Structure formats: structure tokens, C-alpha cells
Colleague: 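The structure's right below; bear with me while I get my questions together.
If you're wondering where the values come from, they're calculated on a predicted model, not measured in any experiment.
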Amino acid sequence: MVKKLKLNSAQRKALRQKEEQNLKDLEQRVQEYDLASEKPSQFKDLPLSSHLIKGLNESAFVSLTQIQKESIPSLLKGEDVLAAAKTGSGKTLAFLIPILEKLYRSKWAEFDGLGALIISPTRELAIQIYEVLIKIGKHFQLSAGLVIGGKDYKFEKERISKINILIGTPGRILQHFDQAVGLELSNLQMLVLDEADRCLDMGFKKTLDDIVSNLPEGRQTLLFSATQSKSVSDLARLSLTNPKYIGIKDTDSASTATPESLTQSYITIPLDEKLDTLYSFIKTHLKSKIIVFFSSSKQVHFAHETIRKLQPGVSLMKLHGRQKQTARTETVYKFSKAQHVCLFATDVVARGLDFPAIDWVIQVDAPEDVDTYIHRVGRAARFGKSGKSLLMLTPSEEEAFLKRLESKKIEVNKLNIKQSKKKSIRSQLQALCFQDPELKYLGQKAFISYIKSIYIQKDKDVFKFEELPTEEYAKSLGLPGAPKIKLKGLGKNNGSKELKNASRQLLALAKANDDGEIEETEKKIRTKYDKMFERQNQNVLSEHYLNITNNTNSSTIVKDMNGDDNNSNEDYDKNDSDEEFMSVKRKDHDLQEDGLPDLVAPTSKRSEKRALSKKASLNDKGNPKKLVFDDQGKPHQIYEFEDEEDFRNAGDASDQKKEFIAKEAEDMSNRDVDDKLLAKQKKQEKKRKRQEAERRAIVSDYSDEESPVEPYLSGVPDDQIDHDLAIKLLEDFDRDSYDEEGDNEEPPSKKPKWFQNDKIGGKYNTDEPEILELEEPETLEDLESLTARLLNQ
Ligand SMILES: Nc1ncnc2c1ncn2[C@@H]1O[C@H](COP(=O)(O)OP(=O)(O)OP(=O)(O)O)[C@@H](O)[C@H]1O
């Protein structure tokens, strides 16, 4: 960290002696420092090295904050500390200063290996801690390293054994512990858990326990957070010895947990008006720096894409755990520097991030609990500066969530929105989604992820899944109707307790098939024929299909905003009559209904099978004959005998035979050339497609390695996907063959489908054996062939 000066040996010796003396003096000052009587107000009042004082001065850190006054002296003396202090109160320096000083006083050097380990729950926070460390520690001869997911692991691995102070996220730290050769942990002096409650919670439990099991017991342990309680089991897990508690209250009757300089408000707003309100808010606060919190990456992605297209007049950014690390880091940097800007984010930025001068924190989706609320609003009003926060609560969330806030002495004022300032963007969103199928797809994903996020919330008094106005919400996102949702896997994952708590509607949904339809409970074999006979118009449409456009519970409402009724692959306006709808489809299909045979229902399962068996069908028909047609359209057999007279006139039989063989041979070799050319073209096309896919993957904003689960675990960073529930969710999403987040996903296949609602889910449920699915006729020929086979029963 410090530049080496060129000195002769005498100078080096003198310097070494001076350094030795300084160290002795410093050690003595630390020992003599009286925790009870000393009242430090500035850093120079503390027994700190000149290297550190210099670094602090250069970074304009002169006076101590409250948490620093309370914790640094004890930490310098080697005590374990468990500290809670409000957001933005200076906790980072409170643990970095003791680390630098302890290693310095122990004459720590490169070969001593790892001296201190700082664990952060998110990558961005780890980077920020690292930056502060580099700033204040630049006059020490210590090495510092940052290990976070999304970075070059090999690069880190090669250097890690030389690092004295290591900062990282749990998953990556453990990976290094497991794999890095020469990483010496037995000497570790200090372990810090920043945002300790988060590091200790279930999401990190196993990883953290594995990390700790590698560390020596005699180390000093520090736990810092804005929200934490004295959990005896956690302290035991970390083997804290007689820790000093700072700012930790045993009861909830503590003073308010949020900064005094923060003005906190909320509005009660129906779910379907949230986006309108957010847009109106942004439009009326163009000269502000704003962070907007959503519950999932997909919400962020959709809101960012759509509102950006509406050009609100301020720069919009997005940040969530599913982006590539480079994009995340760049956004943090740009957002920090910008003056008037709006950042849409998930809880990945809720904790610890120190953005300068945030004017507003908007919570579009309610936080999962009060601690998350505290961390989110804590991005504003940092270090005594003023700031404001606005929480959007739906009518069903309001009462219970306000109670939760009250229990932590957090006061929020109710605000009312001026209706004159409110602008509806619903029709614009509908138009955008209509014009751009990818946007519509993003909207569907945002919808699904929000619904699922509510479903998995623990606090069922606040988050009432069964009261969600799904149809209205879908419309507010510009969607033609509420996409069907499969919640099957989730019920299982949440265990019996959750299942018990789940509403009847929810349980029914959990039993839904892959199309999200709630099947009747009685077992019933439903064949393609059943489906065919259920059709309103047997040739074209099924009731199943019509349900999509009319049924308010399942899929739904579509608007032909351009008045273009030829978009047969798009959804249709609920108000369109069936006649209109069907006539459009007929135009496309050009069916000659009169010419079609009547359909006869098979009477037994056996006859159904027989109807669809090609072999059986052929038996009924006898041997097929292949015919070729001449220029006049007359049919001929492939091999026909020549007229005898013509044959004789053509010359000698053996000559004719030779001539025939020569001609065929020539034909064959010509065809061979053509075939090779075709094969080559196909190969080239395949290669081109592969390269194109690779190119798209490279330019894609998002990393494949990211977890698609993060949105459902508010505040869960992406590098710890070992969460049980998370994995289950992931499996669930895999089953959907539905890339839950990444920007690199393709929109659903545009392949024409017989049933419109094949679009969502894309396939029928193969998990449910009681539903017998038979081949669907796709073309008119198929239909004719099927009916012909049926008639032959
Ligand atoms: N002694 C100090 N003098 C001046 N500024 C300080 C001091 N200590 C901290 N700060 C500044 O206060 C801001 C908040 O500090 P920090 O990020 O450490 O807060 P925190 O308590 O960790 O917040 P959070 O709970 O959100 O993580 C930072 O910008 C930091 O530079």
C-alpha cells in the first residue's frame, strides 16, 4: 500500500529503530487507554498509529461518530464486539481502523498470511469496504484483497496467499478456502461480519458455518449491522468470547432505528396504480437523486425498460443481482457520481451501500420486514444529511405493516397523492407491450415474479396472497391479461406449516397443471377428441382457446390497440365478439367446411388408439400407391410399362439397357453434387447460427452464472444460492423451462400454435398421468386424415 523509498542501509536501520520505538509507544498507549474515563472526540485522541492518522486526515476523517467512539477503543484493546448502529452512522471505519491497527502493532507481513477477514453479504458492499480500506490504509505496508463472485477466480487464487486483509462475499471466500493452495488461515487475528444479521441468517448459514470452521478460535470477532439482535445461538456459532454489546437492545422498545434526519412517509395505493404513481413521481422530481426499490429483478427490469421508453426526462438506471458484475459495478459508480438520476433496484443495494446525496428512497414493493425497511430507507439521510423516503403500501398491506413499523418506533406520515399530478401510463404500456412481444414477455415475467414473491413472504398478515387483484395488476403492466402461474413446487418447499396457512385458492393453484389451469379433482381421461368436440367451431377453435380471451380468471383480456384484426398470434380484445374473432381466424385458414366429413366419436379407449395408430389405419386402407403427375396433370404409376411397339422402334434391347444405365449413372452423379452442396450449405448455416448465438450471449447484459432465484429472496445477493428454498425455486423455474430473469433469454417461441394459451407454459403437464394427451392435428391434412381414420373405426 505504501511506496518504498530508496534508502541506504544506515537510513534503513535508523528508520527501523524509529518504527520499533513507535510501535512500543503505541502498544503502551493502547494498554494504558482507560475505556471508562477517556472521552475521545477526534481520531487523534485515540491511541492510533501515525500511518493511520495520516490516512484518515487525507480522507477528511477527523471527528469520531458515535458508533466509532463506542466501539474503536474496545476493539483496539482486543475485545469482541457486537454492534448495532443506524444506517450511515460510520460503522465501516469502526471496524477497519481496529483491523489496520492490530495488524500493524503485530508487525504483520506478507508471509504471515491472512490476518483479517471481512465478510460482506453483497458484492457492492464488499467493493465499497475495500475502497475505504485502500483510502485510509495507504500508508501501511499491508496487502488487501477483494474476492467476490463474478470476478476472475483464477486471478484471485494466484494472489490470495499473499493477502493480509481479505474482503469478500461468503460464497467466494469459502471457494477460496476450499481450493486455494497456500492460503494460511491458522494465524487469522480478526473476523468481521458486516451487516452481521444478514450474514448470519438462513441464506448464508451453511456457508458461514463452513468458513468459520476453518478459522482459529482465538481470533477477535466483530459483528456490525444497523439491525441486529443478541442471538445466543449465533454468538455460539461464531465463538464470541465475552462480547461487548453496543447499541444492541434486548427488547423492541429501543429508540427509533432510523436516522433523525430522514423524513419518512407512505401512501396507500392499489397494486395496479403503483407504476402510474411511480412514473408521476419521477416526472415531478426530475431534479432529484432517487432509489426505487422493487421486490424482484424482473420488476426492476420491466419498470426500467418501459418507463425508459416513455422518456420521463431524467436518467434511469437499474441494478440487481442478475446483472454481470461489470455492469453492476459500473452502475454503482455512475449512480454515485450522478446528480439527478433515478436508480431502479432490488434489495441488493439495500444494505450498506453509501451513495452520496440521495434525496428520495421509494419503495414500490413493500419490504419483506421492518429490518429490510430500515436498510432500504437508510440509503438516504446518511451521516447526518437530510433525506426522504416514500413507501407504497397496498390497502391489504397497510394496517399490518404500519403495526410492524410502530413496534420498532418508526414513524411514517401518511401522504395523499394529488390527483391532478397523477398520470396514467397504462395505455402507453399496453401499446408498448402490444408492439413489442419481448416487452410483453418481460411484463409477464414481472407479473409472475411479483405474485410469487408475495406467495413466499413469511409475514402472511402483511402479504395476503389471496387478496391480490391479479387481473387489475396485469392490466396495469400493459398486459392483455393475467398470465397463468404455476405454484406447485413452492407449496412443497414451504413445508406443511406454509401449506396449512395457504388459502384454498392457493392450494388449488398449487395443483394447477403446467398451463396454470386448475384441473378438476376427479380423475378423468381427456383425449384430443374430447378437446376437439369441445370446440365451438370444430374446425378452428376450442372452448379452451376461447377461455383465453374471455375467462377473467385464467389468461385474458387483450386489446387490439392498433385496430389490426389480422394479428392472429396476438391476443384479442375481451370485447370482441366471438364472430369477429372467428371470422378473422377463418380468413387465415381458408377452410372448406362443407367438404369435410362428419366427425364420429370413438366409443372406447381401444378404438381411440386404433384411430391414431398409423399401422391400423394402413391395414384398413390396403397398400398405398404412389402416383406421379405429368404436365397435363394426369396421374401415373411410378413404373409403367412402355408400349411394346414404341419399345421395338427404339432399337436394340441391350443398347437401350446400356443407354438407360448410363443416363441413370449421370443423373446419380449430378444428384450427388447437388446433395453435397446442400449439405455444405446446411453446415454453414448451422455454424452461422451458432456464432450468432455466441455473439448474442457475449453482448448480453446478463450473466448465465447468476441465480434466477434472487428476486424471491429480498436482499439475498446472488452469490449464495445454497438457500434451500432458493434451490427449490430454481428447480421449479427449470421445470417451467422459463428463464426467470436473465436479459439474455429469448421471448417465447412464435411458432404458430393450435391453442393460443400454449404461449404461456408452452406445454401440457406431463407430470399428471391421469390426463391422457394425444397428438393434436396441426394442419388441415392432419385433421382430414384423423377424421378419415375415425370414420374407418
Ligand atoms: N468519522 C467520520 N467523519 C466523517 N465522515 C464519516 C465518518 N465516519 C463515516 N463517515 C461517512 O459517513 C458515511 C456513512 O458511513 P458508513 O457507510 O460507514 O455507514 P454505515 O453505518 O456502515 O451505514 P450502513 O448501515 O448503511 O451500512 C460515509 O460516507 C462515510 O464516509
Colleague: Who are the ring pair (Phe, Tyr, Trp, His ring centres under 6.0 Å) partners of F224, not counting sequence neighbours?
Modeller: F95
Colleague: Quick test of your reading: applying salt bridge (Lys or Arg N to Asp or Glu O under 4.0 Å), list the pairs with at least one residue in residues 274-287, sequence neighbours left out, ordered by first then second residue.
Modeller: K274-D365
Colleague: I'd like to know whether E406 forms a salt bridge (charged side-chain N to carboxylate O under 4.0 Å, His left out) with K409, so could you lay out the CA-CA distance, the side-chain angles of the two residues, the decisive distance to 0.1 Å, and finally the verdict.
Modeller: CA-CA 5 Å; E406 209 180 301; K409 300 254 184 288; over 6 Å; no
Colleague: With sequence neighbours excluded, what pairs up with K403 under the salt bridge (Lys or Arg N to Asp or Glu O under 4.0 Å) test?
Modeller: E399
Colleague: Checking the side chain of Q323 only, and the main-chain atoms of H320 only, is there a donor and an acceptor separated by less than 3.5 Å?
Modeller: yes
Colleague: At what distance, to the nearest 0.5 angstrom, does CD1 of I374 lie from OG of S389?
Modeller: 11.5 Å
Colleague: Is a side-chain donor or acceptor of K91 paired with a backbone partner of K86 at a separation under 3.5 angstrom?
Modeller: yes
Colleague: Under the rule for salt bridge (Lys or Arg N to Asp or Glu O under 4.0 Å), what residues qualify as partners of E397, not counting sequence neighbours?
Modeller: none
Colleague: Minimum heavy-atom separation for P312 to Y279, with atom names?
Modeller: CB-CE1, 4.0 Å
Colleague: For the pair E467 (side chain) and S396 (backbone), establish whether a donor and an acceptor sit closer than 3.5 Å, ignoring hydrogens and angles.
Modeller: no
Colleague: Roughly how far, to the nearest 0.5 Å, is CZ of R308 from SG of C342?
Modeller: 13.0 Å
Colleague: Please list, chain by chain and in numerical order, all residues satisfying side-chain hydrogen bond (donor to acceptor under 3.5 Å, both in side chains) with K289, sequence neighbours excluded.
Modeller: none
Colleague: Any chance the side chains of D197 and S225 put a donor and an acceptor closer than 3.5 Å?
Modeller: yes
Colleague: Going by salt bridge (Lys or Arg N to Asp or Glu O under 4.0 Å), name the residues that satisfy it together with E330, two or more places apart in sequence or in a different chain.
Modeller: K334
Colleague: Keeping D347 on the side-chain end and A350 on the backbone end, is there a donor-acceptor pair under 3.5 Å?
Modeller: no
Colleague: Search all heavy atoms of R123 against all heavy atoms of R328 and return the closest pair with its distance.
Modeller: NH1-NH1, 3.4 Å
Colleague: Enumerate the residue pairs fulfilling ring-ring contact (aromatic ring centres under 6.0 Å, His included) with a member in residues 359-382, sequence neighbours excluded, ordered by first and then second residue.
Modeller: F281-W360, H285-W360
Colleague: List the residues meeting side-chain hydrogen bond (donor to acceptor under 3.5 Å, both in side chains) with Y266, not counting sequence neighbours, and say none if there are none.
Modeller: E398
Colleague: Can a donor-acceptor pair be found, under 3.5 Å and without considering hydrogens, that links the side chain of R379 to the backbone of L353?
Modeller: yes
Colleague: Please confirm whether the ring centroid of F344 lies under 6.0 Å from the ring centroid of F294.
Modeller: yes
Colleague: With sequence neighbours excluded, tell me which residues meet side-chain hydrogen bond (donor to acceptor under 3.5 Å, both in side chains) with R382.
Modeller: D354
Colleague: When you measure from the side chain of S120 to the backbone of T122, do you find a donor-acceptor pair of N or O atoms at a distance under 3.5 Å?
Modeller: yes
Colleague: Starting from the C-alpha separation in whole Å, work towards a yes-or-no answer on ring pair (Phe, Tyr, Trp, His ring centres under 6.0 Å) for F61 and F43.
Modeller: CA-CA 8 Å; F61 296 129; F43 288 110; 7.0 Å; no
Colleague: Keeping the roles fixed (side chain from K460, backbone from Y455), state whether a donor-acceptor pair exists under 3.5 Å.
Modeller: yes
Colleague: Holding to ring pair (Phe, Tyr, Trp, His ring centres under 6.0 Å), I want the full list of residues that pass it with F355, two or more places apart in sequence or in another chain.
Modeller: F335
Colleague: Give a yes or no on whether the backbone of K423 and the side-chain of S280 come within a donor-acceptor separation of less than 3.5 Å.
Modeller: yes
Colleague: Check the pair T227 / K408 against side-chain contact (heavy atoms from CB on, under 4.5 Å), numbers first and verdict last.
Modeller: CA-CA 11 Å; T227 49; K408 295 243 175 168; 5.8 Å; no
Colleague: Look at atom NZ of K385 and say whether more than 12 heavy atoms of other residues, nucleotides or ligands are closer to it than 6.0 Å.
Modeller: no
Colleague: Short question: side chain of D80, backbone of T241 - any donor-acceptor pair under 3.5 Å?
Modeller: yes
Colleague: Could you tell me which residues satisfy salt bridge (Lys or Arg N to Asp or Glu O under 4.0 Å) with R237, sequence neighbours excluded, listed by chain and number?
Modeller: D209, D234
Colleague: For L133, which of T92, L100, I99, L93 qualifies under side chain to side chain contact (heavy atoms under 4.5 Å, CB included)?
Modeller: L100
Colleague: Do any pairs count as a side-chain hydrogen bond (donor to acceptor under 3.5 Å, both in side chains) and have a residue in residues 57-66, sequence neighbours left out, and if so which ones?
Modeller: E58-K138, E58-H139, T65-Q68, Q66-E70
